[in-house]
Trainee: 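My questions will all concern the structure given below.
Residue indices begin at 1 and follow the sequence shown. Just the heavy atoms: all of them, side chains too, but no hydrogens, waters or symmetry mates, feed the values below.
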Amino acid sequence: MMKNKNIKTTIGLLAIILIQFGCSKQLDLAPLSEVGDNGYYQNGEQIEEAVIAIYDGMQEIPLREFALTEMRSDNAESKNQEGDWAQFQSYTVEPTNLAVGSYWLANYNVIFRANKVIENLDVVESADDKAQFEGEALFARAMAHFNLVRAYGDVPLIDKVVIQTDEDYFSRVESSEVLAAIDADLASAATLLPASNSFGRATSGAANALLGKVRLTTKDYAGAKAALNEVTAYGLESNYRDVFYNEGNSEVIFAIRYSDDDANESQDFSYEMTALGVRAGLNYITADFTADLDTNELARKDVIYSPTNERECGKYLTQSSDNRLCGNDWIVIRYADVLLMRAEAIMGAADQTADQGAINSYNEVRQRAGMSLISAPDVLTKQALSEERRVELSYENHRFYDLVRFGYAQSVLTQHASNTGVNFSPTDLLLPIPQAEINVSNGKLTQNPGY
């Protein structure tokens, strides 16, 4: 196997993709097909550089994802309560919202980079390298499509490198078809990827973990359970805080990596989500979340809350000298999530379960947190599982989609909106298609209802 390069490496030629991507007037998913060609993809080393460029592109995804997820749930709100940020918590998101547009752009950029790798795999001589690179590209493509379909509903499904004349690819595809393609990509990736890899690069465990979540979303509970049962090479950290501040730990199944004080490899979501963002900070913890937190929550509470203010998140406190160049990694999926999803898969469409396997998975997460456990004849309920996910995975961008998947979004968010003096409607479950994309799509892209 070719020696893995450091994921933080800045890619020279392929970094041009991101520059041109950000300046393009065309559909963000299409017009980059010529970038990086001219005979560049000649051997396995260059393909690996292209693979690393995929991970480089991923760094853009979490920067404002919390606005699309946590701030649209009952978990978070904006401090300043104005401008684009206020739109998320008041359910008045506009198609011109910058965060909505940048999220679309970031995910299709990753899809483009992944397709570029897949298109050029034939130059890789090593069978092992070729399998790994293909698996990494399929994983990335699936993850980005999954982000998009959950956020926007029907979206263009891009399964190859497209050019400006491939207008058929610019149309929206039914979400069920997109999810089926995601499932197929992840199932293939799980067979191609190694069980272990450099931290920050995809593994078979990462593919199966994400596949489990996709199948829960499509209500394929048996398939979800089968995928999640394959995720065995991980375990819970004994200390909840270490999950976030001992980076590269054995609980993290896949994370997007960043470096402190590096203009190319840092992030600023830590600034916006913690006490550092005194004036412009976002992801301010709602009174609703605070009121619902069990009084016995001690181990997790000390991490969820900033030590200086219980209304501010404490999971991403930075150690950087420049507080807008933060190095906290973004955890996409970790083992505690898998354990709770496994319980969800076993419960299936029911409202409760006495299955000991589901209860054991739930109890394992609770035990680490020092919380009460379930023992016979008590059963695990869907509501208890939802509440446990809210606390354990708080401010990791899961809450909104958990509510949708559990079927609680309409009731919970309607009540939350009413408590805060705003209105929530069923059309708010999806974000608007970015207006800039509609404008350049030659009529191929249509807007979601309600916008």
Trainee: With a 4.0 Å cut-off, would you call E392 and R334 a salt bridge?
Mentor: yes
Trainee: Using modelled atom types only, decide if a donor and an acceptor are shared between the side chain of H145 and the backbone of R141 within a distance under 3.5 Å.
Mentor: yes
Trainee: When the ring planes of W85 and F66 are compared, do they come out parallel, tilted or perpendicular, using 30° and 60° as the limits?
Mentor: parallel
Trainee: For a quick test of reading the model, state the closest non-hydrogen atom pair linking M273 to C313 and the distance between them.
Mentor: O-CB, 2.9 Å
Trainee: Identify the residue among L216, N147, T69, T217 that makes a side chain to side chain contact (heavy atoms under 4.5 Å, CB included) with Y401.
Mentor: T69
Trainee: Is it the case that atom CD in Q319 sees more than 12 heavy atoms from other parts of the structure closer than 6.0 Å?
Mentor: no
Trainee: Could E247 and R257 be called an ion pair, given the rule that one side-chain N must be under 4.0 Å from one carboxylate O?
Mentor: no
Trainee: Could you walk me through whether L431 and V93 pass side chain to side chain contact (heavy atoms under 4.5 Å, CB included), step by step?
Mentor: CA-CA 7 Å; L431 291 166; V93 182; 4.2 Å; yes
Trainee: Side chains of Y55 and E136 only: does a donor on one sit below 3.5 Å from an acceptor on the other?
Mentor: yes
Trainee: Would you check if the distance from the ring center of Y395 to the ring center of F289 is below 6.0 Å?
Mentor: yes
Trainee: Could you walk me through whether Y40 and Q46 pass the side chain to side chain contact (heavy atoms under 4.5 Å, CB included) check?
Mentor: CA-CA 7 Å; Y40 178 74; Q46 291 173 341; 4.0 Å; yes
Trainee: Do the charged groups of R113 and D56 touch, with an N to O distance under 4.0 Å?
Mentor: yes
Trainee: V338 and side chain to side chain contact (heavy atoms under 4.5 Å, CB included): which partner among L210, N208, V231?
Mentor: V231
Trainee: Nearest heavy-atom pair of I304 and I285: which atoms, and what distance?
Mentor: O-CD1, 4.0 Å
Trainee: Does one side chain, of S250 or E237, offer a donor that lies under 3.5 Å from an acceptor on the other?
Mentor: yes
Trainee: Between D288 and R390, does any NZ, NE, NH1 or NH2 come within less than 4.0 Å of an OD or OE carboxylate oxygen?
Mentor: yes
Trainee: Taking atom types as modelled, find out whether Y91 and T420 have a side-chain donor-acceptor pair closer than 3.5 angstrom.
Mentor: no
Trainee: Is the closest side-chain donor-acceptor distance between K315 and Y240 under 3.5 Å?
Mentor: yes
Trainee: Tell me which one of K382, K213, R405, K219 satisfies salt bridge (Lys or Arg N to Asp or Glu O under 4.0 Å) with E344.
Mentor: R405
Trainee: Does D74 pair with R399 as a salt bridge, N-O distance under 4.0 Å?
Mentor: yes
Trainee: For N442 and E167, test the side chains for any donor-to-acceptor distance below 3.5 angstrom and give the result as yes or no.
Mentor: yes
Trainee: Counting only heavy atoms not in N423, do more than 12 sit closer than 6.0 Å to its CG atom?
Mentor: no
Trainee: Indicate whether any N or O donor in one side chain lies under 3.5 Å from an N or O acceptor in the other, for E94 and Q87.
Mentor: no
Trainee: Do R311 and E77 meet the salt-bridge criterion of a basic N to acidic O distance under 4.0 Å?
Mentor: yes
Trainee: Start with the C-alpha distance between D159 and Y169, add both sets of side-chain angles, then the distance that settles side chain to side chain contact (heavy atoms under 4.5 Å, CB included), and finish with yes or no.
Mentor: CA-CA 9 Å; D159 59 2; Y169 279 83; 3.3 Å; yes
Trainee: What orientation do Y103 and Y152 show, parallel under 30°, tilted 30 to 60°, or perpendicular over 60°?
Mentor: tilted
Trainee: For Q132 and D128, test the side chains for any donor-to-acceptor distance below 3.5 angstrom and give the result as yes or no.
Mentor: no
Trainee: Kindly say whether the aromatic ring centers of Y258 and F269 come within a distance under 6.0 Å.
Mentor: yes
